[in-house]
Amino acid sequence: MKKSFYITTPIYYPSAKLHIGHAYCTTLCDVLARYHRLKGDDTYFLTGSDEHGMKIEKNAALNNKSPQEFVDEIVVGFKKLWKALDISNDDYIRTTEKRHVETVQKIFSYFLKNNDIYLGEYEGWYCKECEAFWTDIQVGEEHLCPDCHRPVSKAKEEAYFFKTSKYLDDLLKIYDSNEKFITPESRKNEMINTFIKPGLEDLCVSRTSFSWGIPVKENPKHVIYVWLDALVNYISALGYLQKDDTLFKKFWLNDNCEKVHVLGADITRFHAIYWPMFLKALNLPLPNREFVHGLLMTKDGKMSKSKGNTIDPYPLIEEYGVDAVRYYLAREVNFGSDGQFTPEQFVERINMDLANNIGNLLNRTLSMINKYYDGVIPQFISNINNPYDSDLDQTIINSVKEYEECLNDLRVTDALIAATKIGARANKYIDETTPWVLAKQEDKTPLQSVMTHLAYSLYVSAVLLSIVLTRKSKEILLQLGLDGNINYETILNQHILDNVKINKGLPLFPRLDETIEVEKIKQMMNIK
RNA sequence: CGCGGAGUAGAGCAGUCUGGUAGCUCGUCGGGCCCAUAACCCGGAGGUCGGUGGUUCAAAUCCGCCCUCCGCAACCA
């Protein structure tokens, strides 16, 4: 049976402009989605926005707009950024859309009927800012919100609650049975130590203190509180409890479909604890993996408006191209740990991996094919007397294998390291075989094997990197004389370039002058 | 003692689970090559692995204590 793959980003909150940190997360998901499509898996990639809540209501009022107008405008900006970054999402879910609202309401009603949700009066420590209730242990002796450290106060409010106790055993079983359900593992331990061991409270799933939300049908003065609303996007977008639920059946209900949520550490709790419980209560399958990605920070620490150190992805895309930005994001920071954005590293990464390695390899190879073979790649042959040929062949096979293993395990960074090994090996191969010497020999067989090996190495590199270099990979194939279509099935076909007329063009990635470009980027960063 | 992460060559990191000649990328210095985008290839220098005490024949790696930095609380993946 054909494999399928469903991947989601968090749905971003439209209260401010997106910065490179959001681009980071979305790009990683996009790379994974493109990989699975490339491999021929049935793939569905979802992103979207989480548009309800008190903060939106407030911000809209400050701007003299209705909440809907307010979010509509911001969401246009979100979509524009994803387009600029070549994000290949199959759908974009907005929690204010009818399809989502209806699904959430149906789920809420079902939970009510099923006794998973009850109307209670909560008396507890309430943090107004976080819109959250906390336990005695959690607020401590000083009665501070464990989340925002502001003072909390005893509050009583009529509210609906989800009975977490009913599903706690299920949750622990999930953790035990699937080691990779939440990764990195430290995130799972954090959940257990911080929230489960101290005693998990029932989750408050409605609010009466604001109105910008999905109304509870049975009791319209309540709106459904953020997490029951937001998390459901992952299935409402597929048509769950809607007239047309083809996608939901095809992906979510499909045992052969790997379902992956990528998320930030700040929302781990909701994804790791409540989302599995909701799904259990609905008797639905669980996602296979919840991957908590690291933060892309600057030297001043985490990016934030107040620090003035946020980085807008647009100027970077304009100046260096979408391929370079995507490559930087996918390669620089080890997926799962925090990383630092510095202008120096940005420029260095592009120069080393893209200009010097793959770009220069293409340029020097095509020059030689022009010079020695009038621009036509000869038939692929291997020189048995040349140990370097078999070594390069082996490197390619190993790299492809490693690339697949890494991506199957969501390790994007490692996969790219594997992919760029081919270019590095091929550059070395040129020095080892000295084709300019071979060209002077009468027997052209050795030269032929070198040139065809180089061309093929470039072909494989282009295909592997196509999930990141959405445009330049095609460019490589075009310069090699192919039509620019990426096809993974032919990746191990060494004869794909036999007798193809190359079409040498400009350097793929011009080498950047570090001093000048670092200065430029620093200026971009100062335009707060 | 709030929770969590981190301290390894000039920079950024891997290695720590499963103790046993300290590794990668970049920079730097020297050499090579000339097909190429001052690129590519080879070699050298550079680290008492935050500190300290312990376990051990042996510790970056295991255990104890201490120090420093960062994130989780303000619009913020």
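Every chain is numbered from 1, with letters handed out A, B, ... down the list of sequences.
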Work out how far the [atom1] atom of [N] is from that of [M], and round it to whole angstrom.
{"N": "B/G50", "M": "B/U37", "atom1": "P", "result": "44 Å"}
{"N": "B/G54", "M": "B/C41", "atom1": "P", "result": "48 Å"}
{"N": "B/U68", "M": "B/C29", "atom1": "C1'", "result": "33 Å"}
{"N": "B/U18", "M": "B/U25", "atom1": "P", "result": "29 Å"}
{"N": "B/U16", "M": "B/G23", "atom1": "C1'", "result": "14 Å"}
{"N": "B/C76", "M": "B/G15", "atom1": "P", "result": "33 Å"}
{"N": "B/G30", "M": "B/C66", "atom1": "P", "result": "49 Å"}
{"N": "B/C75", "M": "B/G12", "atom1": "C1'", "result": "30 Å"}

With a 4.0 Å cut-off on heavy atoms, is [X] in touch with a base, just the backbone sugar-phosphate, or nothing at all?
{"X": "A/Met368", "answer": "base"}
{"X": "A/Pro435", "answer": "nothing"}
{"X": "A/Tyr13", "answer": "sugar-phosphate"}
{"X": "A/Ile417", "answer": "nothing"}
{"X": "A/Gly264", "answer": "sugar-phosphate"}

Given RNA chain B, 5'-ward residue of the pair A/Arg364 and A/Cys25, judged by closest heavy atom =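 Whichever sits nearer the 5' end wins; that is A/Arg364.
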When the nearest nucleotide of RNA chain B is assigned to A/Tyr429 and to A/Tyr24 on a heavy-atom basis, which residue is associated with the more 5' position?
-> A/Tyr429
Taking the inter-plane angle between the rings of A/Phe181 and A/Tyr175 on a 0 to 90° scale, is it parallel (under 30°), tilted (30 to 60°) or perpendicular (over 60°)?
-> tilted
When the ring planes of A/His453 and A/Tyr429 are compared, do they come out parallel, tilted or perpendicular, using 30° and 60° as the limits?
-> tilted
Cationic N near anionic O, under 4.0 Å, [X] to [Y]:
{"X": "A/Glu402", "Y": "A/Lys421", "value": "yes"}
{"X": "A/Lys428", "Y": "A/Asp391", "value": "no"}
{"X": "A/Glu475", "Y": "A/Lys472", "value": "no"}
{"X": "A/Lys65", "Y": "A/Glu73", "value": "yes"}

Atom [atom1] of [X] and atom [atom2] of [N]: how far apart are they, to the nearest Å?
{"X": "A/Arg331", "N": "B/U25", "atom1": "CZ", "atom2": "P", "answer": "10 Å"}
{"X": "A/Phe270", "N": "B/C72", "atom1": "CZ", "atom2": "P", "answer": "16 Å"}
{"X": "A/Phe341", "N": "B/G12", "atom1": "CZ", "atom2": "C1'", "answer": "14 Å"}
{"X": "A/Tyr373", "N": "B/C35", "atom1": "OH", "atom2": "C1'", "answer": "14 Å"}
{"X": "A/Tyr328", "N": "B/C26", "atom1": "OH", "atom2": "C1'", "answer": "14 Å"}
{"X": "A/Ile20", "N": "B/C76", "atom1": "CD1", "atom2": "P", "answer": "19 Å"}
{"X": "A/Asp266", "N": "B/G4", "atom1": "CG", "atom2": "P", "answer": "18 Å"}
{"X": "A/Glu517", "N": "B/C26", "atom1": "CD", "atom2": "P", "answer": "20 Å"}

Which nucleotide wins on minimum distance to the side chain of [X], given the candidates [options]?
{"X": "A/Ala355", "options": "B/C35, B/G5, B/U37", "result": "B/U37"}
{"X": "A/Asp431", "options": "B/G32, B/U37, B/G4", "result": "B/G32"}
{"X": "A/Arg349", "options": "B/C76, B/U37, B/U25", "result": "B/U25"}
{"X": "A/Ser15", "options": "B/C35, B/C76, B/U37", "result": "B/C76"}
{"X": "A/Asn427", "options": "B/C40, B/C76, B/U37", "result": "B/C40"}
{"X": "A/Ile267", "options": "B/A77, B/C76, B/C41", "result": "B/A77"}
{"X": "A/His293", "options": "B/C35, B/G5, B/A77", "result": "B/A77"}
{"X": "A/Leu296", "options": "B/A77, B/G4, B/U37", "result": "B/A77"}
{"X": "A/His19", "options": "B/G27, B/G5, B/C76", "result": "B/C76"}
{"X": "A/Asn363", "options": "B/A77, B/G5, B/U37", "result": "B/U37"}

Applying the side chain to side chain contact (heavy atoms under 4.5 Å, CB included) test to A/Glu51, which of A/Val71, A/Ile56, A/Ile11 qualifies?
-> A/Val71
Residue of the set A/Tyr13, A/Phe210, A/Trp212 for which side chain to side chain contact (heavy atoms under 4.5 Å, CB included) holds with A/Lys55 =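 Result for side chain to side chain contact (heavy atoms under 4.5 Å, CB included) with A/Lys55: A/Tyr13.
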Does any nucleotide pair with [N] by Watson-Crick or G-U wobble geometry, both distances under 3.5 Å, and what is it?
{"N": "B/C62", "value": "B/G54"}
{"N": "B/C72", "value": "B/G2"}
{"N": "B/A14", "value": "none"}
{"N": "B/G19", "value": "none"}
{"N": "B/A45", "value": "none"}

Determine: side-chain N/O of A/Lys55 to OP1/OP2 of B/C75, distance under 4.0 Å, yes or no.
->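 The answer is no; no side-chain N or O of A/Lys55 sits under 4.0 Å from OP1 or OP2.
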